[in-house]
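Note: hydrogens, waters and symmetry copies are ignored here, and every other heavy atom, side chains too, is used. First the proteins, then the strands, lettered A, B, ... as listed; each starts at 1.
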Amino acid sequence: MTKHLIIITGPTAIGKTRVAIKTAYFLNTEIVSADSRQIYRELSIGTAVPSAAELNSIKHHFIHSHSIHDNYNASRYETEAMELLEKLFKKYNTVVLTGGSMLYIDAVCKGIDIMPDVDPELRQNLKTKLNDEGIESVRFQLKQLDPEYYKQVDLKNPARIVHALEICLMTGKPYSSFRTSFNKKRPFSVTKIGLDCNRAELHQRINRRVDEMIEAGLEKEARGVYPFKHLNSLNTVGYREFFAHFNGEISKEKAVELIKRNSRRYARKQLTWFRKDAEMNWFHPQDSEKVIEFIQNKIEKI
RNA sequence: GGUGCCAUAGCUCAGUUGGUAGAGCAACGGACUGAAAAUCCGUGUGUCCCUGGUUCGAUUCCAGGUGGCACCA
């Protein structure tokens, strides 16, 4: 029996949860979340996790399953998601995966090259070097250790250069030797549903949702994790703006305004990524019936 | 009703001694393989309020109109 993974994605605040739940309900299956921030149990309001009622109606995975202290990443997600899918596909022929984390979705569909875990101490050292000596110094070091990748990398992007260096230094081999861009074979078919609407409507949805988050007590939630503000997991829209407010750098009003703006920019970035995906089938978030109909047809054909 | 000031990008405004214009913010486009809600790159998007007049040429000068603000009635 062929197994099917239905992916429901789209920009932040578009209404993925609702469509995913309707779809999972119709297919009588469970939902796997592909959201790099809803995965943290310390974050709820600012990441817009599904409501208790929604979580009760359909079994969800990777919601609040990890801690902000866990040092999570896309590769760990790939491993854990694939293990989970193997189990779920023993029980179901179809599983719904939903979320807006582009790289996490790709990790499930195509896989990520195998590399060693990054040593946090090494990362800190390289960050310090970057800070003290400037981007030139890490650039130069990368040129020595991996001239091949040096030719391709965005030389203005410190995160890319630092990561390549990390791998070179930890393995003694060039980073480029790990980059196969090989798409892993998956034991299931993939159907991608992209949700989108016109931009003005999307901005309205985002602004409204941020206002709801504020009413629901986002400030208090952010205050609670403020001591850990340096963690990557908290370099997150909705939290870092409040941290700036707690630091006395900006007013609360300004923080709220920035959360809205940064959410809009995040949505735009997601759309840029999804748009170039030729496998995406686009729908309006109100058209969940059409989505289900489309999926039904697709599954019957395979 | 009278007088004065203003009208330029989505917003706040600059500017052109007459040769169709530029800042900030917002917005938009793109890259992306173990930080991805991260990180980085790029782009002015415009009936210069309307209608006439002067002029080779008006967003700019003049007149009228419309709208806004202030003050006086």
Side-chain angles (χ1 to χ4, degrees), chain A residues 9-14 16 33-40 43 45-49 68 70-81 99-120 122-124 126-127 130 135 138-139 149 152-167 170-171 175-184 199-200 202-203 206-207 209-210 213 218 222 230-242 254 257-277:
Chain A
T9 190
T12 187
I14 192 74
K16 297 184 284 295
S33 166
D35 188 301
S36 71
R37 304 295 138 139
Q38 291 181 357
I39 208 164
Y40 298 119
L43 312 180
I45 299 170
T47 58
V49 291
I68 53 171
D70 277 354
N71 215 1
Y72 206 71
N73 60 50
S75 178
R76 281 185 61 183
Y77 178 77
E78 178 190 355
T79 307
E80 293 175 10
S101 298
M102 304 88 85
L103 188 60
Y104 282 32
I105 292 172
D106 266 13
V108 168
C109 296
K110 303 193 274 190
I112 290 181
D113 290 326
I114 295 159
M115 292 176 210
D117 269 325
V118 173
D119 173 24
L122 175 61
R123 171 159 292 178
Q124 196 45 54
L126 286 171
K127 269 183 171 173
L130 177 70
I135 195 167
V138 283
R139 235 186 239 165
Y149 187 62
Q152 311 164 19
V153 71
D154 175 1
L155 289 169
K156 288 180 178 169
N157 193 332
R160 295 275 148 69
I161 297 174
V162 165
H163 180 241
L165 267 182
E166 286 164 353
I167 300 300
M170 284 190 343
T171 62
Y175 174 62
S176 53
S177 68
F178 293 93
R179 286 164 53 87
T180 64
S181 39
F182 175 77
N183 286 1
K184 291 177 192 163
R199 203 54 73 87
L202 178 60
H203 286 180
I206 289 172
N207 293 341
R209 189 158 84 170
V210 172
M213 286 176 179
L218 178 57
H230 59 280
L231 293 173
N232 174 64
S233 51
L234 291 174
N235 187 183
T236 297
V237 175
Y239 298 87
R240 58 180 187 192
E241 295 85 357
F242 264 115
K254 183 73 182 169
E257 192 185 307
L258 286 176
I259 292 170
K260 289 178 180 173
R261 184 198 69 183
N262 291 337
S263 297
R264 291 193 294 267
R265 289 181 176 176
Y266 173 47
R268 181 148 43 86
K269 200 173 65 171
Q270 288 173 302
L271 285 166
T272 297
W273 179 290
F274 297 138
R275 253 194 308 255
K276 70 174 178 184
D277 189 338

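- Below the 3.5 angstrom threshold, one finds no donor paired with an acceptor across the side chain of A/Lys276 and the base of B/A31.
- Separation of the P atoms belonging to B/C50 and B/G67 is 15 Å when rounded to the nearest angstrom.
- Within 4.0 Å (heavy atoms only), A/Tyr40 reaches no atom of the nucleic acid at all.
- Between A/Arg275 and B/G29, a side-chain N or O to OP1/OP2 separation shorter than 4.0 Å is present.
- Nucleic acid contact for A/Asn235: sugar-phosphate only, since backbone atoms but no base atoms lie under 4.0 Å from a heavy atom of the residue.
- Rounded to a whole Å, the CZ atom of A/Arg123 is 10 Å from the C1' atom of B/A38.
- Rounded to whole Å, the distance from CG on A/Asp113 to C1' on B/C32 is 14 Å.
- With distances taken from any side-chain atom of A/Val237 to the nucleotides B/A36, B/A38, B/A31, the minimum falls on B/A38.
- For A/Glu241 and A/Lys254, the salt-bridge test fails: no basic side-chain N is under 4.0 Å from an acidic carboxylate O.
- Distance noted for atom P between B/C32 and B/A26: 26 Å (whole Å).
- One can place CZ of A/Arg179 at 12 Å from C1' of B/G34, the figure rounded to the nearest angstrom.
- An OP1 or OP2 oxygen of B/G30 is reached within less than 4.0 angstrom by a side-chain nitrogen or oxygen of A/Thr272.
- Nucleotide B/A23 is matched to B/U12 when pairs are restricted to Watson-Crick or G-U wobble geometry with both distances under 3.5 angstrom.
- Look at B/U47: it lacks any Watson-Crick or wobble partner with both distances under 3.5 angstrom.
- The side chain of A/Arg261 contributes no N or O atom lying less than 4.0 Å from OP1 or OP2 of B/C25.
- In this structure, A/Arg199 reaches the B/C28 phosphate: one of its side-chain N or O atoms is under 4.0 Å from OP1 or OP2.
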**Asked** Checking side chain to side chain contact (heavy atoms under 4.5 Å, CB included) for the pair A/Val49/A/Tyr40: CA distance, chi angles, key distance, verdict?
**Response** CA-CA 10 Å; A/Val49 291; A/Tyr40 298 119; over 6 Å; no
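- Contacts of A/Asp35 with the nucleic acid, taken as non-hydrogen atoms under 4.0 Å apart, include base atoms.
- For the C1' atoms, the distance linking B/G57 with B/G19 amounts to 7 Å, nearest Å.
- At a cut-off of 3.5 Å, with distance as the only test, a side-chain donor of A/Thr12 or A/Arg209 sits close to an acceptor on the other residue.
- Closest to the side chain of A/Trp273, out of B/C25, B/C32, B/A35, is B/C32.
- Residue A/Ser101 is in sugar-phosphate contact alone, with no base atom involved, counting any heavy-atom pair closer than 4.0 Å across all strands shown.
- Rounded to a whole angstrom, the distance from the P atom of B/A9 to that of B/C5 is 22 Å.
- For the pair A/Asp117 CG and B/A35 P, the interatomic distance rounds to 9 Å; values are reported in whole Å.
- Proximity note for A/Leu103 (side chain, C-beta onward) versus B/A36, B/U39, B/G34: the nearest is B/A36.
- Between B/A27 and A/Arg265, a contact under 4.0 Å exists linking OP1 or OP2 to a side-chain N or O.
- Here the separation of B/C49 from B/A7, taken at their P atoms, is 8 Å to the nearest Å.
- One donor-acceptor pair, N or O on each side, does fall under 3.5 Å between the base of B/U39 and the side chain of A/Lys269.
- Pairing for B/A58 is absent, with no Watson-Crick or G-U wobble pair whose two atom distances lie under 3.5 Å.
- B/G24 and B/A63 are spaced 36 Å apart, taking the C1' atom of each and rounding to whole Å.
- Within the nucleic acid shown, A/Arg240 comes within 4.0 Å of sugar-phosphate atoms alone, with no base atom in reach, counting heavy atoms only.
- Each of A/Lys156 and A/Asn73 was assigned the nucleotide of RNA chain B with the nearest heavy atom; the assignment lying further toward the 5' end belongs to A/Asn73.
- Relative to the side chain of A/Tyr104, the nucleotides B/G34, B/A36, B/A27 differ in distance, and B/A36 lies closest.
- The distance from atom NE2 of A/His163 to atom OH of A/Tyr149, rounded to the nearest 0.5 Å, is 8.5 Å.
- A/Thr47 comes within 4.0 angstrom of a nucleotide base, judged by non-hydrogen atoms across all strands.
- As judged by a 4.0 angstrom heavy-atom cut-off over every strand, A/Gly111 is placed among residues making no nucleic acid contact.
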**Request:** Could you check A/Arg179 against A/Gln152 for side chain to side chain contact (heavy atoms under 4.5 Å, CB included), going step by step and ending with a plain yes or no?
**Result:** CA-CA 12 Å; A/Arg179 286 164 53 87; A/Gln152 311 164 19; 3.8 Å; yes
**Request:** Show the numbers, then the answer: is there a salt bridge (charged side-chain N to carboxylate O under 4.0 Å, His left out) between A/Glu80 and A/Arg76?
**Result:** CA-CA 6 Å; A/Glu80 293 175 10; A/Arg76 281 185 61 183; 3.8 Å; yes
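- Within the nucleic acid shown, A/Ile167 has no heavy atom closer than 4.0 Å to any nucleic acid atom.
- A heavy-atom distance below 4.5 Å is not found between the side chains of A/Asn71 and A/Leu231.
- For B/U16 and B/A58, the C1' atoms lie 11 Å apart once the distance is rounded to whole Å.
- When the nearest nucleotides of RNA chain B are assigned to A/Ile112 and A/His203 by heavy-atom distance, the more 5′-ward of the two goes with A/His203.
- Residue A/Tyr266 places no side-chain N or O under 4.0 Å from the OP1 or OP2 atom of B/A38.
- The distance between atom CG of A/Leu130 and atom P of B/A35, rounded to the nearest whole Å, is 15 Å.
- Between A/Asn157 and B/A38 there is no side-chain polar atom (N or O) within less than 4.0 angstrom of OP1 or OP2.
- A sub-4.0 Å separation between OP1 or OP2 of B/U39 and a side-chain N or O of A/Asn232 is absent.
- The partner of B/U17, taking Watson-Crick or G-U wobble pairs whose two distances both stay under 3.5 Å, does not exist in any strand shown.
- Looking at the side chain of A/Asp154, the nearest of the listed nucleotides B/C41, B/G34, B/U39 is B/C41.
- The side chain of A/Arg160 contributes no N or O atom lying less than 4.0 Å from OP1 or OP2 of B/C40.
- The CD atom of A/Gln38 sits 17 Å away from the C1' atom of B/A38 (whole-angstrom rounding).
- Nucleotide B/C69 forms a Watson-Crick or G-U wobble pair with B/G4, both donor-acceptor distances falling under 3.5 Å.
- Residue contacts shown for A/Lys127 include a base, since a base heavy atom lies under 4.0 Å away.
- The heavy-atom pair separating A/Val138 from A/Leu165 by the smallest distance is O-CD1, 3.6 Å.
- More than 12 heavy atoms of other residues, nucleotides or ligands lie within 6.0 Å of NZ in A/Lys184, so this atom counts as buried by the packing criterion.
- Taking the C1' atoms as reference points, B/G46 lies 36 Å from B/A38, given to the whole Å.
- Regarding contacts with the backbone of B/A26, every side-chain N or O of A/Arg264 stays at 4.0 angstrom or more from both OP1 and OP2.
- Going from atom CE of A/Met102 over to atom C1' of B/G34 covers 16 Å, rounded to whole Å.
- With both pairing distances under 3.5 Å, B/C40 is matched to B/G30 as a Watson-Crick or G-U wobble pair.
- B/G42 atom P lies 15 Å from atom CZ of A/Arg268, rounded to whole Å.
- A distance-only check finds a donor-acceptor pair linking the side chain of A/Lys16 to the backbone of A/Pro11 [under 3.5 Å].
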